[in-house]
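To start, the structure itself, in C-alpha cells.
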Protein chains: 2
Amino acid sequence: MPFTKDIATLCKDHGLRLTSPRKVIMQVLSESEDHPDAIELHRRVTKADPGISIATIYRTLNLLQEKGILEKHTFGDGPARFESAEHEHHDHFIDTETGDVTEFRSDEIERLQQEIALKHGFEIVSHKLEIYVRPLNAVRRQAKRDGS
Amino acid sequence: MPFTKDIATLCKDHGLRLTSPRKVIMQVLSESEDHPDAIELHRRVTKADPGISIATIYRTLNLLQEKGILEKHTFGDGPARFESAEHEHHDHFIDTETGDVTEFRSDEIERLQQEIALKHGFEIVSHKLEIYVRPLNAVRRQAKRDGS
DNA sequence: TTAATTGCAAATGGTTTGCATCCCC
DNA sequence: GGGGATGCAAACCATTTGCAATTAA
C-alpha cells in the first residue's frame with residue numbers, strides 16, 4: 001500500500017536521510033499489498049539493488065516503525081512482519097493453512113475493549129486481535145473427509 | 001493454577017511417562033499463578049532439582065502444549081510464555097511498563113468475532129486478543145511529569 | 001565537512017536437535 | 001528389555017551490533 005506522502009517528503013519530515021537503499025526499501029514497501037517479513041522484503045529489494053544488506057533491511061524496518069510509518073506484527077511464532085501504518089487501524093484473520101492475512105475492522109469490538117480496559121483501571125496503549133481461521137469451504141471438505 | 005487432574009493421571013491419559021523431571025516441571029507449572037517463560041520456569045524448577053536441563057524444559061513445554069495441557073503465548077516480542085489451558089478461554093492485558101499480565105474475558109467480544117468471521121467466510125480455529133495497557137494512575141503520573 | 005548510514009561479519013537470544021546415556025513401563 | 005526421556009553441546013534462526021568505510025546534507 002502506497003504511503004500517504006512521497007518517500008522524499010516522508011524522510012525529510014522525520015529527519016531521515018534519503019539514501020539509495022532507503023529509497024528502494026520504501027519503494028518496495030509501498031508497493032507491497034501483503035505483510036512481508038524482513039527476509040521476504042530483502043528478496044524483493046535485492047531485485048532492484050543486489051547490494052543492499054539484510055542488516056540495512058532490519059535497521060530501516062525498525063527505524064520506520066519507531067517513526068510510526070510502519071506497523072510490526074508477529075503472527076503465531078513466525079518472524080516479524082510489517083505493513084504501512086498509514087491507514088485506519090484494523091485487525092487480522094490469519095489462514096491457518098496458507099498463512100494468508102485478511103484485514104478487518106470492528107468499531108464495536110474497539111469500543112468494547114475501551115470499556116473493559118477502563119473497568120480494569122487501564123488505559124489502552126495498543127492492541128492486537130488475531131483470529132486464526134479456516135475458510136468455510138475447507139471445513140466442508142474436512143467434514144466430508146471425516147465421513148459426513 | 002493447579003491442573004484439573006493430578007499429574008500422574010494427566011501423564012497416563014496422554015501416554016506420557018511419569019519421569020522425575022516431568023513431575024517437577026508440572027508441579028512448578030501447577031503452582032504458577034503467572035505466565036512464566038522457559039528460562040523463568042527453569043529457574044524455578046532447578047530449585048527443586050538442579051539437574052534438570054533447559055532442553056528438557058523446552059521439550060516438556062512443547063509436549064504439554066501439543067497435548068492441549070498448556071497454552072503458549074508470545075506477548076510483544078518477548079520469549080514464549082505458558083499457562084495452563086485447563087480453564088475457560090480468556091484474553092490478556094499486558095502492562096507495557098512492567099510486563100505484568102492480567103486476564104479478562106468478554107462474551108460479547110467473543111460473539112462479535114464469530115459473527116465477523118462468518119461474514120468473511122471463515123471458521124475460527126483460535127484467536128488471540130492482547131491489549132497493551134498502562135495503569136490509569138501511571139497516566140496521571142505521566143501527565144504530571146509532562147507539566148500539567 | 002561530518003554525522004548519519006551502510007555492509008560485513010561476528011555476536012546475540014531464544015529455541016531446537018543429534019547423539020549417547022538413562023530409566024520408566 | 002526396549003523405546004521414550006534426558007543432558008549436553010552444537011546447531012539454528014531471526015535479529016542486532018561493532019566497526020571501518022561510505023555518503024547525503
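On a predicted model such as this, the values are computed, not experimentally measured, just so you know. Atom set for the values below is all heavy atoms of this structure, side chains included, hydrogens, waters and symmetry mates excluded. A note on names: the letters A, B, ... follow the listed sequences, proteins ahead of strands, and every chain is numbered from 1.
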Sequence neighbours excluded, which residues qualify as salt bridge (Lys or Arg N to Asp or Glu O under 4.0 Å) partners of E71(B)?
none
How would you list all residue pairs meeting side chain to side chain donor-acceptor pair (under 3.5 Å) that involve residues 59-70 of chain B, not counting sequence neighbours?
none
When you check every protein heavy atom under 4.0 Å of nucleotides 2-7 of chain D, what one-letter string (B, S, -) results, 5' to 3'?
BBBSBB
Scan L18(B) against the nucleic acid and name what it touches under 4.0 Å (heavy atoms): base, sugar-phosphate only, or nothing.
sugar-phosphate
When you list every nucleotide of DNA chain C with an atom under 4.0 Å from a heavy atom of chain B, which one comes first 5' to 3', and which comes last?
dG14(C) to dC25(C)
Find the distance Y58(B):OH to dC8(D):C1' and express it as a whole number of Å.
16 Å
Write out all pairs satisfying salt bridge (Lys or Arg N to Asp or Glu O under 4.0 Å) with one or both partners inside residues 8-22 of chain A, taking only residues at least two apart or from two chains.
K5(A)-D13(A)
Taking salt bridge (Lys or Arg N to Asp or Glu O under 4.0 Å) as the definition, give me every residue that meets it alongside E40(B), ordered by chain and number, with sequence neighbours left out.
R43(B), R44(B)
List the residues meeting side chain to side chain donor-acceptor pair (under 3.5 Å) with D91(B), not counting sequence neighbours, and say none if there are none.
H89(B)
At what angle, to 10 degrees, do the two end axes of the helix from dT1(C)-dA25(D) to dC25(C)-dG1(D) meet, given five pairs define each axis?
30°
Using a 4.0 Å heavy-atom cut-off, does N62(B) contact any base of the nucleic acid, only the sugar-phosphate backbone, or nothing at all?
sugar-phosphate
Among residues at least two apart in sequence or on other chains, which ones pass side chain to side chain donor-acceptor pair (under 3.5 Å) with Y58(A)?
none
F93(B): what forms a ring pair (Phe, Tyr, Trp, His ring centres under 6.0 Å) with it, not counting sequence neighbours?
H120(A), F122(A), F104(B)
With sequence neighbours left out, the residues meeting side chain to side chain donor-acceptor pair (under 3.5 Å) with S20(B) are none
Grab the two heavy atoms, one from V133(B) and one from I124(A), that are nearest each other, plus how far apart they are.
CG1-CA, 4.2 Å
Under the side chain to side chain donor-acceptor pair (under 3.5 Å) rule, collect the residues that match up with H14(A), sequence neighbours excluded.
none
